[in-house]
Amino acid sequence: MAATLCGRLLPKAGWVPLTQSVRHGSKAVTRHRRPMHILKQKLMAVTEYIPPTPVAPPGALTPRVRKIEEESGLAILLRKDLETLFKECKMIAVVQNNASNAEDMQLLKHRLKRHNINVKFFPNQVMRSFLNDSIYSNMLPLVIGQTVIFVSKEPKVKEMLQVLRGSPQMVLLGACIENTLLSYQGILKYSKLPSMTTIHGELVSGLAMMTSQTVSMLHRHPAHLSALLQQYVKQQGSGETTDGVSDKDAA
């Protein structure tokens, strides 16, 4: 009897009880740093120590020597050609070349040559070196990329614009016409102006009209004065005759 009770009450080997006691550990208390006040942050930033930069001893740093590149003889020759062009030509236009082939360029030269307009090619480096030291320094922004120069001794703007209409790959950037720098819009307005022969004709006709009016005005006063004097003389003569006739009637 006792054996059966002990066998029922005592736990068997490998038997796990239904309820187990689990010990829960307490959480660790961590102290978080409180954020610094904004005024204190400003004060700390203002009073922060900035160490001075150490000064290099004299002779420690070697000065950099800039290499001065001398211009070649070809560049000097091209600069002289540019100077003569700007002195002799009244129209110098800068045109951008957008992938124009040799055949189109040759056709463009032939069309411009009919109007005595020449096409010149100069490297951008030579152009910039010349424009920096000249009075045409405002043309520097036009010298970008592949550029071509149209030069003419007379300002033939209308003819140049007509030829450029057939070459869409050539873009007109600006021009210096009679020592005046013009944009594309300014060139269009300049092309609408009448030619010099028309202006000379209008000026001559206006001067001739003014001189004729002046001559007529100068002749008008003496003629008017002579007419008044003649009328006065006639009036005096008629007055004398009427006085003589009245005297005779009275007698």
Side-chain angles (χ1 to χ4, degrees), residues 63-201 203:
R64 295 181 180 179
V65 180
R66 294 183 178 180
K67 295 182 180 179
I68 301 174
E69 296 181 358
E70 296 182 357
E71 290 185 347
S72 61
L74 179 60
I76 295 172
L77 183 62
L78 291 175
R79 283 190 64 179
K80 289 182 180 179
D81 292 343
L82 267 175
E83 188 175 355
T84 53
L85 280 177
F86 274 82
K87 284 182 179 180
E88 295 177 357
C89 299
K90 293 183 179 180
M91 186 187 74
I92 301 170
V94 181
V95 184
Q96 188 174 11
N97 183 10
N98 294 326
S100 178
N101 53 22
E103 185 178 357
D104 294 340
M105 185 60 67
Q106 193 68 24
L107 184 60
L108 180 65
K109 286 182 180 180
H110 179 67
R111 290 177 179 175
L112 291 173
K113 193 66 177 177
R114 294 177 183 175
H115 306 289
N116 294 328
I117 301 175
N118 299 320
V119 181
K120 300 291 183 180
F121 298 89
F122 291 96
N124 289 346
Q125 185 177 1
V126 177
M127 285 283 295
R128 289 181 175 277
S129 62
F130 168 74
L131 294 175
N132 277 326
D133 302 332
S134 64
I135 59 174
Y136 308 101
S137 59
N138 292 330
M139 294 182 67
L140 278 172
L142 302 178
V143 186
I144 298 174
Q146 295 183 358
T147 53
V148 185
I149 299 176
F150 294 169
V151 295
S152 175
K153 292 186 178 180
E154 295 296 331
K156 298 183 178 181
V157 181
K158 291 183 180 180
E159 293 82 356
M160 181 183 66
L161 291 176
Q162 289 177 359
V163 174
L164 285 176
R165 287 174 187 172
S167 301
Q169 66 273 15
M170 306 295 290
V171 181
L172 181 62
L173 301 178
C176 180
I177 301 174
E178 294 180 346
N179 293 330
T180 304
L181 183 61
L182 299 176
S183 62
Y184 180 72
Q185 299 296 331
I187 295 170
L188 291 179
K189 293 179 181 178
Y190 186 88
S191 63
K192 296 177 183 178
L193 296 176
S195 60
M196 292 299 294
T197 55
T198 307
I199 295 174
H200 288 164
L203 180 61

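Model, not experiment: these values are computed from the prediction.
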Atom of [X], atom of [Y] and distance for their closest heavy-atom approach:
X    : Y    : value
S152 : C89  : O-CB, 3.4 Å
I187 : G174 : CD1-C, 3.9 Å
A75  : V126 : O-CG1, 4.1 Å
S100 : M170 : CB-SD, 4.2 Å
V94  : L172 : O-CD1, 3.8 Å

Sub-4.5 Å side-chain heavy-atom contact between [X] and [Y]:
X    : Y    : value
F150 : V119 : yes
F122 : L85  : yes
I177 : K90  : no
K113 : N118 : yes
M160 : M91  : yes
L161 : L188 : yes
K156 : N116 : yes

Side-chain ([X]) to main-chain ([Y]) donor-acceptor, under 3.5 angstrom:
X    : Y    : value
T84  : D81  : yes
N124 : G145 : yes
S167 : Q169 : no

One pair to check against salt bridge (Lys or Arg N to Asp or Glu O under 4.0 Å): E83 and K87. What are the steps and the verdict?
CA-CA 6 Å; E83 188 175 355; K87 284 182 179 180; 3.5 Å; yes
I would like to know whether T147 and L142 meet side chain to side chain contact (heavy atoms under 4.5 Å, CB included); could you show each step before the answer?
CA-CA 8 Å; T147 53; L142 302 178; over 6 Å; no
Calculate, to the nearest 0.5 Å, the distance between atoms [atom1] and [atom2] belonging to [X] and [Y] respectively.
X    : Y    : atom1 : atom2 : answer
Q96  : I144 : CD    : CD1   : 8.0 Å
L140 : N132 : CG    : CG    : 5.0 Å
R114 : E159 : CZ    : CD    : 13.0 Å
F121 : L78  : CZ    : CG    : 13.5 Å

Tell me whether E178 at atom CD has more than 12 heavy atoms from other residues, nucleotides or ligands lying less than 6.0 Å away.
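Result for CD/E178: enclosed.
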Taking NZ in K189 as the centre, count heavy atoms belonging to other residues, nucleotides or ligands within less than 6.0 Å. Is the count above 12?
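For K189, atom NZ is not crowded (no more than 12 foreign heavy atoms under 6.0 Å).
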Under 6.0 Å between ring centres: does that hold for F86 and F130?
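That pair passes the under 6.0 Å test.
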If you apply the rule side chain to side chain contact (heavy atoms under 4.5 Å, CB included), what do you find for N97 with M105, and how did you get there?
CA-CA 9 Å; N97 183 10; M105 185 60 67; 3.8 Å; yes
Determine the sole option in L181, L82, L131 for which the side chain to side chain contact (heavy atoms under 4.5 Å, CB included) test with Y136 is passed.
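Answer to the side chain to side chain contact (heavy atoms under 4.5 Å, CB included) test with Y136 among L181, L82, L131: L131.
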